[in-house]
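The structure appears right after this line, and notes come after that.
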Protein chains: 2
Amino acid sequence: MPQTTPKKKSRIQTRNRHLILDAALDVFSRDGFGGATLDAIARTAGLSKPNLLYYFDGKTEIYVTLLSQLMETWLDPLVELDSNGDPVEELLGYVRRKLDMSMDLPRESRLFAGEIIKGAPQMKPRLESDLKPLFDEKCAAIQVWINEGRLAPVDPAHLLFSIWSTTQHYADFEAQIAVLLEGSAATPRAARHLEQMYRQLLTP
Amino acid sequence: MPQTTPKKKSRIQTRNRHLILDAALDVFSRDGFGGATLDAIARTAGLSKPNLLYYFDGKTEIYVTLLSQLMETWLDPLVELDSNGDPVEELLGYVRRKLDMSMDLPRESRLFAGEIIKGAPQMKPRLESDLKPLFDEKCAAIQVWINEGRLAPVDPAHLLFSIWSTTQHYADFEAQIAVLLEGSAATPRAARHLEQMYRQLLTP
DNA sequence: TCAAATTTTTACCATTTGGTAAAGTCACGA
DNA sequence: TCGTGACTTTACCAAATGGTAAAAATTTGA
C-alpha cells in the first residue's frame, strides 16, 4: 500500500531536497512564481535542471511544497496565543513573536506576501481550512477578554490584521526601510515602537 | 531640439497609451514584472502585441512608466501632512487618506508592494531622491510636535512605517482578508479601528 | 566484490516570450 | 479626392523556458 506522504529514503535525497527548497525559497520570494525559472533555482542550488526534476515533478510542485511547509510555521505564533494567560501580555508576546519571525525569516514572509498579492491561487484552500478556524477561535477569545474587561474594547479581527501588517512590513518592505533608515538597525526601535503602540491600545 | 518628455500628439495616442497602462497595471500588479507577459497585457488592453510595441519601446518601459506615474500619487498624502495643523488631527487625516487610497487604488498598492518585495530594482533611485527627503522632513516635523508636547512621544519613522503597513495591508492582502471576513465589508471597521489605535497612541 | 538501484549528466524538444520587418489600412488637411 | 503621415496587422524570429529520454556515473546492499 503506497504511502500518501512517501518517506524520503536516502541521506542524499533529504539533503538535495533541502538544497532545492532553500534555493527555491530564494528565487520564488524574490521573483514570484511567474518570474522564477527552474534554471535560476537549479543554479542557486548548485544542481542541473534535469537533476532538479528528478527530485520534484515540476516548478509548481516545488512552489506548492514550499507554501505547504510555510503554512505551519506561519500559523505557529498564533496557535501559541493562550486564552488562559494575561490578555495584554499574551497579545504583546504574539506581536513580539511575529516581529522576530519577520526578522529571522524574511524570505518566507515575502513568499507568503507574494502569493497573497496574486490572489492566493495556491493558498486559498489552506487559508480556508487552516487559518480561518484558528482566526475565528482567537477572535472569539479576544472578545471574551474584552467582555471580561481585561482588555480595552478593540475590533479583534482588525487588531490581528494590524499586528500582521506592522510586523510583516519589516520583512516585506525591507528594501524601502533600508533606504529610509540608512545605517541604523530597525529591529530594536521597531520592537519598542510596536510594544508601546499595542500596550496603549490594549490596556483597559 | 527634441523634448525630453515628448508630447503625446493625437487623441488616439493618449487613448491607447492609457488603455495599455491600465491593462499593464492589471497584469503587473497581479503577476509581478517577471510573471507578466506582453501577450497578457495586449489581450487585456484589446490590442495586438505589435501594436503595443508601437506605443511603448518594450515591457520594461511600460513597467517603468507605471511606477513613475505611481510615485507621485503615492507620495501625495504625505506631502499634504501639514506641520502647521493640529498634530493628532493631521496624522489621523493622513491615516484616513492612506486607507482611502488602499481601498480606491488596490492595484497600484500591489504594484508598489511587488516592486519593493523584489528589492526595488527600478524604484530605488526614486525612493532615495523623492521619498527619502520627504520622509526625513516629515519625521523632523513630527519630532518638533513631540518636543512641543503636542504629540505623545513616539518614534516618528516607525510611526510612519506603522501607518503605511496597516493601511496598505487592506489592498495588498485583500485575498486573505476576503477569506477571513467573508461577507462583511472591511472598510468602515478598518477605519474605526485605525482611528482608535492611532488616536490613543498619539494623544499626549 | 559485483550486480541492482539510485543519482547525475548529456542531448534534446515543444512552447512561450519579447521583439521586429514590412505590408496594409485609416484619418485628415490641402 | 487624394497624398501623406499615423496607426494596425500579418508573418515572422531568436532566445528562453518547462520538461523529457536515455545514457553514464555513482552508491548501496548482499
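Each chain gets a letter, A, B and so on, in the order its sequence line appears, and its residues count up from 1.
For the pair B/Y63 OH and C/dG18 P, the interatomic distance rounds to 14 Å; values are reported in whole Å. Across the protein-nucleic acid pair, B/I41 atom CD1 and C/dT16 atom P stand 18 Å apart, rounded to whole Å. Taking atom CG of residue A/N51 and atom P of nucleotide D/dT20, one finds them 15 Å apart after rounding to whole Å. Taking atom CZ on B/R17 and atom P on D/dC7, their separation rounds to 11 Å, with Å as the unit. Computed from coordinates, the A/L53 CG to C/dT9 P distance equals 13 Å when rounded to whole Å. In this structure, A/R11 atom CZ and D/dT28 atom P are separated by 8 Å, rounded to whole Å. In this structure, the OH atom of A/Y55 is 18 Å from the P atom of D/dG19, given to the nearest Å. Residue B/L52 contributes atom CG, which lies 15 Å from atom P of D/dT10 at whole-angstrom precision.
Across C/dT9, D/dT9, D/dG19, the shortest atom-to-atom separation from the side chain of A/L38 is found for D/dG19. Residue A/Y54 places its side chain closer to C/dT8 than to any other of C/dG19, C/dT8, D/dT20. The B/N16 side chain lies nearest to D/dT8 when the options are C/dG19, D/dT8, C/dT8. Closest to the side chain of A/D39, out of C/dT9, D/dG19, D/dG18, is D/dG18. Taking the side chain of B/P50 as heavy atoms from C-beta on, and the options D/dG19, C/dT20, C/dT9, the nearest nucleotide is C/dT20. Minimum atom distance to the side chain of A/Q13 is reached by C/dT7, of the listed C/dT7, D/dC7, C/dG18.
In this structure, B/F56 reaches neither bases nor backbone, as no heavy-atom distance under 4.0 Å exists between it and the strands shown. If you check every strand for non-hydrogen atoms under 4.0 Å, B/A36 touches sugar and phosphate atoms only. Using a 4.0 Å heavy-atom criterion, one finds that B/S48 contacts the bases of the nucleic acid, with or without backbone contacts as well.
A side-chain N or O of A/S68 and one of A/R126 form a donor-acceptor pair less than 3.5 Å apart.
Among pairs with a residue in residues 75-91 of chain A, those fulfilling side-chain hydrogen bond (donor to acceptor under 3.5 Å, both in side chains) read A/E89-A/R199, at least two apart in sequence or across chains.
One finds no salt bridge joining A/R43 and A/D39 here, because no Lys/Arg side-chain nitrogen approaches an Asp/Glu carboxylate oxygen to under 4.0 Å. Comment: A/R30 does not engage A/D26 in a salt bridge, judged by the lack of any side-chain N to carboxylate O separation of less than 4.0 angstrom.
Counting distance only, with no hydrogens placed and no angle test, the side-chain atoms of B/K59 and the base atoms of C/dG19 include no donor-acceptor pair under 3.5 Å.
Within the 6.0 Å centre-distance limit, the rings of A/F161 and A/F135 are counted as a close aromatic pair. For A/Y170 and B/H158, the ring centers are positioned less than 6.0 Å apart.
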Paired and unpaired positions of DNA chain D as dot-bracket, Watson-Crick or G-U wobble under 3.5 Å, | denoting a partner strand: ||||||||||||||||||||||||||||||

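Remark: the backbone N or O of B/T14 is paired with a side-chain donor or acceptor of B/H18 at under 3.5 angstrom.
Below 30°, between 30° and 60°, or above 60°: for A/F33 and A/Y63 the angle between ring planes is between 30° and 60°, a tilted geometry.
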